[in-house]
Amino acid sequence: MHDIRAIRTDPAAFDAAMARRGLPAVSAGIMVLDVERRSASTALQEKQARRNALAKEIGQGKRSGADTAALEAEATALRGDMESLEQRVPELDAGIKRILESLPNVLDSSVPDGPDETANVVLKLSGEPAAFAFAPKQHFELGEALGMMDFATASKLAGARFTVLRGPLARMERALGQFMLDHHTIERGYLETIVPSLVNEATAYGTGNLPKFEEDLFKTTDGRYLIPTAEVPLTNTVAGDIVAEKALPMRLTALTDCYRSEAGSAGRDTRGMLRQHQFRKVEMVCIAHPDRSADEHEWMTRSGEMILEKLGLPYRRVLLCAGDTGFASTRTHDLEVWLPGQGMYREISSCSNCKDFQARRMNARYRGGADGKAVAFVHTLNASGVAVGRALIAVMENYQQEDGSIVVPEVLRPYMGGMAVIARG
RNA sequence: GGAUGGGUGGCCGAGCGGUUUAAGGCAGCGGUCUUGAAAACCGCCGUGCGUGUAAGCGCACCGUGAGUUCGAAUCUCACCCCAUCCGCCA
C-alpha cells in the first residue's frame with residue numbers, strides 16, 4: 001500500500017516508479033479523487049462541528065429549562081444537508097484505496113531495469129558444478145528408480161502436482177527441514193515459530209496476497225485461505241501492533257507446508273516435484289527498523305546461502321530486475337541452485353525487502369525514534385531458507401552416483417541415523 | 001453444534017443518552033529530593049485524517065456495519081472475534 005501523501009508531494013516520481021514496473025501513469029487520476037475527497041471531507045467536518053456545537057447548546061438549554069426548539073430545528077435541517085457528504089466521503093476513500101492497494105511497491109534504486117528474468121543480474125557464484133563421468137539423471141528418474149518417489153499414487157489420491165515420498169527419501173525431506181531450522185535458530189538468531197496454515201482474509205491482505213492475487217490461493221469453504229508461504233502468518237504476527245523499538249529486529253522462522261493453486265503455470269515444470277500444489281518450506285521473516293532493513297536483507301540472504309553451502313550445493317545469487325520483482329518487494333535476491341540433471345540453475349530461495357509496503361497494509365508500527373515517542377511503520381522482509389522439496393531435488397541430482405544411489409550430505413547424516421547412502425533396498 | 005459471559009488507549013479497568021474534553025491505575029517520559037539509586041511527590045503522556053508557515057484549530061475513532069436521537073462508548077438490529085461450560089473429536 002502506498003502513502004497518498006508521497007504521491008501528492010511528487011506525482012511525477014510516483015508515475016516514474018510505476019513505469020519501471022511497466023504500468024501506465026496513474027497519479028493524475030488519483031489526485032483528482034484526492035482533491036475532491038479532501039474538499040468534501042473538510043465540508044463535512046465543518047457541518048459536524050456545527051452539529052456538535054448545537055447538540056451541546058441544546059443539552060445545556062434543556063438542563064437550564066430554556067426553549068431549545070429553534071436549535072433543534074436547525075440541527076434537524078443540518079442533518080439533511082450532511083447526508084450526501086456522508087455518502088460521498090467514504091465512497092471517495094474506497095475509490096482511492098482500491099487504486100492504491102492494486103499498485104505494486106516502488107522498486108529500490110539499485111534494481112536493474114528489464115522486462116523479465118532475462119534481465120536479472122547474477123551477483124555471485126558459489127561452488128563448482130561437479131563433472132559427472134556419466135549422464136546425470138533428473139530427480140524424478142532417480143526417485144522413481146529407487147522406488148521412493150511416486151507420482152502415480154499421488155495423482156490417484158489428489159491429482160496432478162502432488163508427490164508421494166517413501167522410506168529414506170521421505171526421511172531426507174524431514175531431515176532437511178530439521179537441519180535448516182536448527183541452522184537458522186541456533187546460528188542465525190531466528191525464533192522458531194509454529195503458525196496456522198489457514199489464515200483469514202485480513203491476514204492474506206496484509207502481505208499483499210489479496211485482493212489482487214486471490215486466484216493463486218486455495219480458499220476454504222468457510223472463507224479462509226491455505227497459506228502459500230509461512231511469510232503470510234509470520235509477517236502478520238505484528239499486524240495492528242505498535243512494538244517497542246528495542247524489540248527490533250524480530251527474526252522469525254517456521255517450517256510449514258505451502259499451498260499454491262499454480263493458476264497460470266499450466267504446462268510448466270509438469271514432470272517431477274519441482275512445482276507442486278503442496279510443498280514444504282522453511283521461511284524466514286524479519287520485522288526490522290527502517291534504518292536496518294537493508295542490512296537485514298543481506299543477513300537473511302546469507303542465512304539462506306549458508307544452507308546451500310553446508311549442503312555442498314553449487315548456487316548463484318541473482319538480483320531480480322524490475323519486471324521480475326514481486327508485487328510487495330522493493331528488491332529481491334533469488335538463490336538458484338545447480339541441478340545437474342536439468343543442466344540449469346533453478347530458484348530455491350527468494351529474499352525480499354518489502355520496506356513499509358506490507359506494514360502499511362497491516363498497520364504494523366514501532367514506537368521509538370529520537371524522542372522515544374514517535375510512531376512509524378516497521379519494515380518487513382521475507383526469505384526462503386530454503387524450499388525443502390527443491391533442496392531434496394538438488395541433493396538428489398548433485399549427489400547421485402552412476403548406479404542411481406544417492407550419497408547423503410555429511411550435515412544431514414545426524415538427522416538420518418547416520419545413513420550415508422540412499423540405495424534401492 | 002448448543003449455552004453463557006465478554007470485546008473501551010501500549011496494558012489493566014471505570015463509564016451504560018448531554019460538565020466525558022473517555023475516570024482511575026500500571027508502564028513510559030520529564031522534574032523535585034538524593035553521593036547515586038529506590039521510594040515519595042509534581043508535571044507530561046492514545047491513533048488517524050484534514051487545515052494552517054507555525055503555535056494551534058477542527059473532525060473521526062470505545063470489535064465491525066447499519067439504525068434510533070438535536071446529541072450514542074452508552075439504546076436497537078445484524079455480523080465478527082475472544083473466553084468459559086456442555087456435546088463431538090486428533
Side-chain angles (χ1 to χ4, degrees), chain A residues 1-9 30-101 194 196-206 210 219-225 233 236-248 250 257 287 289 356 359-378:
Chain A
M1 180 70 83
H2 297 283
D3 182 1
I4 184 107
R5 285 169 298 191
I7 303 173
R8 211 184 280 152
T9 305
I30 295 171
M31 286 304 100
V32 167
L33 291 173
D34 184 51
V35 166
E36 187 189 345
R37 190 196 129 256
R38 282 187 289 155
S39 81
S41 173
T42 301
L44 176 61
Q45 284 179 15
E46 281 165 7
K47 290 184 193 300
Q48 286 170 327
R50 179 65 188 148
R51 178 200 62 195
N52 291 346
L54 284 170
K56 195 168 187 177
E57 258 189 273
I58 292 166
Q60 283 165 352
K62 289 213 189 256
R63 252 174 287 117
S64 64
D67 176 21
T68 58
L71 294 172
E72 286 186 41
E74 187 189 344
T76 304
L78 188 61
R79 196 157 67 153
D81 287 353
M82 286 165 59
E83 262 173 34
S84 67
L85 287 170
E86 276 174 340
Q87 255 184 334
R88 187 62 182 149
V89 171
E91 259 171 32
L92 289 162
D93 274 335
I96 292 167
K97 180 162 181 267
R98 207 174 309 118
I99 295 171
L100 292 182
E101 73 190 4
I194 303 277
S197 291
L198 289 170
V199 295
N200 59 29
E201 189 182 334
T203 299
Y205 178 87
L210 290 181
K219 188 174 187 177
T220 63
T221 52
D222 66 353
R224 290 178 234 262
Y225 298 87
N236 276 281
T237 54
V238 294
D241 289 349
I242 301 176
V243 303
E245 188 172 23
K246 9 178 210 290
L248 304 176
M250 297 169 61
D257 282 312
I287 312 300
H289 190 286
D356 65 358
R360 204 177 287 282
R361 291 175 88 94
M362 65 179 70
N363 200 25
R365 294 167 296 175
Y366 73 99
R367 188 184 300 278
D371 59 356
K373 289 178 192 169
V375 172
F377 290 111
V378 296

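These numbers were taken from a predicted model, which means no experiment stands behind them. First the proteins, then the strands, lettered A, B, ... as listed; each starts at 1.
On the P atoms, C44(B) is 11 Å away from G24(B), given to the nearest whole Å. The separation of C89(B) from G17(B), taken at their C1' atoms, amounts to 47 Å, rounded to a whole angstrom. When the P atom is compared between G36(B) and U32(B), the two are found 11 Å apart, to the nearest whole Å. Rounded to the nearest Å, the gap between the C1' atom of G52(B) and that of C62(B) is 30 Å. Comparing the C1' positions of C45(B) and G31(B) gives a spacing of 15 Å, expressed to the nearest Å. Comparing C16(B) with C86(B), their P atoms are spaced 35 Å from each other, to the whole Å. With both ends at atom P, the span from A22(B) to U74(B) equals 15 Å, rounded to whole Å. Comparing the P positions of C61(B) and G67(B) gives a spacing of 14 Å, expressed to the nearest Å.
Proximity of R50(A) to the phosphate of C70(B): no side-chain N or O atom is located under 4.0 Å from OP1 or OP2. One finds no side-chain N or O of N52(A) lying less than 4.0 angstrom from the OP1 or OP2 phosphate oxygen of G58(B). Phosphate contact (OP1/OP2 of G50(B), side-chain N/O of R8(A), threshold under 4.0 Å): present. The phosphate of C70(B) (OP1 or OP2) has no side-chain N or O of R51(A) nearer than 4.0 angstrom. Listed pair R38(A) / U51(B) meets the phosphate criterion, a side-chain N or O lying under 4.0 Å from OP1 or OP2. Taking only side-chain nitrogens and oxygens, R365(A) never comes nearer than 4.0 Å to OP1 or OP2 of U47(B).
Two residues, R224(A) and T76(A), neighbour RNA chain B, and the one matched to the more 5' nucleotide by heavy-atom proximity is T76(A). Between L54(A) and I242(A), the residue whose closest nucleotide on RNA chain B is further toward the 5' end is I242(A).
Look at CD on Q45(A): it is 4 Å from C1' on C59(B), rounded to the nearest Å. Summarising the geometry, the separation between CE on M82(A) and C1' on G71(B) is reported as 12 Å, rounded to the nearest angstrom. Per the geometry, NZ belonging to K56(A) stands 20 Å off P belonging to G17(B), to the nearest Å. Per the geometry, CD belonging to E91(A) stands 16 Å off P belonging to G65(B), to the nearest Å. Counting to the nearest Å, the P atom of U69(B) and the CD atom of E72(A) are 12 Å from each other. The CZ atom of R5(A) sits 9 Å away from the C1' atom of G48(B) (whole-angstrom rounding). Between the CZ atom of R79(A) and the C1' atom of G67(B) there is a distance of 10 Å, given to the nearest Å. For N200(A) and C79(B), the CG to P distance is 19 Å, given to the nearest whole Å.
In this structure, A60(B) and U47(B) make a Watson-Crick or G-U wobble pair, each of the two defining distances being under 3.5 angstrom. The nucleotide C85(B) finds its pairing partner in G2(B), both defining distances of the Watson-Crick or G-U wobble pair being shorter than 3.5 Å. Base pairing of A73(B): no nucleotide in any strand meets the Watson-Crick or G-U wobble criterion (both distances under 3.5 Å). Base pairing annotation: C11(B) forms a Watson-Crick or G-U wobble pair with G25(B), both donor-acceptor distances under 3.5 Å.
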Practice task
Take L92(A) and D34(A) through the side chain to side chain contact (heavy atoms under 4.5 Å, CB included) test and state the conclusion after the steps.
Solution key: CA-CA 8 Å; L92(A) 289 162; D34(A) 184 51; over 6 Å; no
Exercise for the section: Run the numbers on D241(A) and Y366(A) for side chain to side chain contact (heavy atoms under 4.5 Å, CB included), then give the verdict. Expected result: CA-CA 8 Å; D241(A) 289 349; Y366(A) 73 99; over 6 Å; no
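Sequence neighbours left out, the pairs with a member in residues 73-82 of chain A that pass salt bridge (charged side-chain N to carboxylate O under 4.0 Å, His left out) are R50(A)-E74(A).
Between the side chain of D3(A) and the main chain of R5(A), a donor-acceptor pair closer than 3.5 Å is present.
Residue A55(A) is classed as a base contact, given a heavy-atom separation below 4.0 Å to a base. Contact annotation for T42(A): backbone-only contact, meaning every heavy-atom pair under 4.0 Å involves sugar-phosphate atoms and none involves a base. Counting non-hydrogen atoms under 4.0 angstrom, I58(A) reaches a base of the nucleic acid.
Of all heavy-atom pairs between M250(A) and A247(A), the closest is CG-O, 3.2 Å.
Applying the 6.0 Å contact sphere to CD of E86(A) captures more than 12 heavy atoms from other residues, nucleotides or ligands.
Here the side chains of T220(A) and L198(A) are in contact, with some heavy-atom distance below 4.5 Å.
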